[in-house]
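Here is the structure we will look at, set down as structure tokens.
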Amino acid sequence: MKVARLYDYLDIRIEDEPIPRPGRREALVRTRACGICSGDVVPWYIRKKAPLVFGHEPVGEIVEVGADVRHLQPGTRVFVHHHAPCLTCRACQRGEFVQCPVWRSSRIVPGGMAEYFVVPETNLAGDTLALPDGVGDEDGALVEPTACVVKSLTRAGHVADASALIIGLGVMGQLHVVLAKHLGARQVIGADLVPGRCARARDLGADAAIDASAGDVVAEVAELTRGEGAEIVIVGPATIEALEIGLRCVAKGGTVVQFMGTPPEARLQLSTFDLYFREIRLIPSYSCGPVETRAALGYIAAGVVSATQVVTHRFPLLAAKEAYRVAAEDKGAIKTLVTFDGA
Ligand SMILES: [Zn+2]
Ligand SMILES: [Zn+2]
């Protein structure tokens, strides 16, 4: 089979390797579509993991199951979460799935950017979801990113009736706009350096979208919220500068969600005076677990979230290098998918 292996930022090579064999409690999946994640085009993050077959947002069809697998059959189209928790450790009991050591170490083999992959027992039992007929392959590839947004908005607190600022309007920002509106946010404001992304956010329901290349986000948010600031601020870009802007835009008693990981050496200077007396919550939201993937599939099956809202580019696996380049550098790209023959 063909796989796309990342060696470095934009160094992606198509390679041949044997189709992996599933064990007794595993399944073999033929890939139909796989999204390129915003994190998968961040150079320091890639270098930490490379060389590796990336792709953790896959949809495919089960083609073979091990002798001891009962709950899923060949022919079933599935979303498979790349990471799945043990459900028994202390972190899992607290619902902090991404802190589960099994979640961290579990992974599909070799990855979603391959014509076939094996789903290990933990992932198959804990976070492999059959897709309803009405959910297309491209919609299904949005389960993982949507689940990350479900977790982020859950951590943000009371979204209904809140004013929300979404900084960064790539695919994750757009999905935040869609779900925040769906959850009843009173006012959703987007901000991005790319005017086309601002326009898309407005199309998807944002009440306002600030072109940060032309204006001052902090001043415009103050104006749009009558000096109050946004009660919920989602910071997408993985930079200290974006976090600082978020902290300057948040209302008293509000919540700032750090949605993306910054590089390990990054440091944020905080006024703990402000944090305390303005009662600002700064909350991280990293990835997602099985609770959120199920909720996400529910939103997708209900048509709240769909590929038509965010998928802008599609490439075959053989053009994976170009797909990653577009995802990394093309300002017109919102969500880029790799699609597979026969899908
Ligand atoms: Zn992702
Ligand atoms: Zn666990």
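When a ligand or atom number is given, it counts from 1 through the structure's own listing order.
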Cys100 SG and Cys89 SG subtending at the Zn ion (ligand 2) (10° steps): 110°
Gln99 versus Arg104, side-chain donor and acceptor atoms under 3.5 Å: yes
Steps toward salt bridge (Lys or Arg N to Asp or Glu O under 4.0 Å) verdict (Glu15, Arg5): CA-CA 7 Å; Glu15 297 176 344; Arg5 186 168 274 111; 2.3 Å; yes
Residue pair Asp127 / Thr293, side-chain donor-acceptor N/O under 3.5 Å: yes
Under-2.8 Å neighbours of the Zn ion (ligand 1), protein N/O/S atoms only: 4
Parallel, tilted or perpendicular: rings of Phe315 and His313 (30°, 60°): parallel
Ring-ring centroid check His176 Phe259, cutoff 6.0 Å: yes
Ring-face cation of Arg13 near Tyr7 (centre distance under 6.0 Å, axis angle within 45°): yes
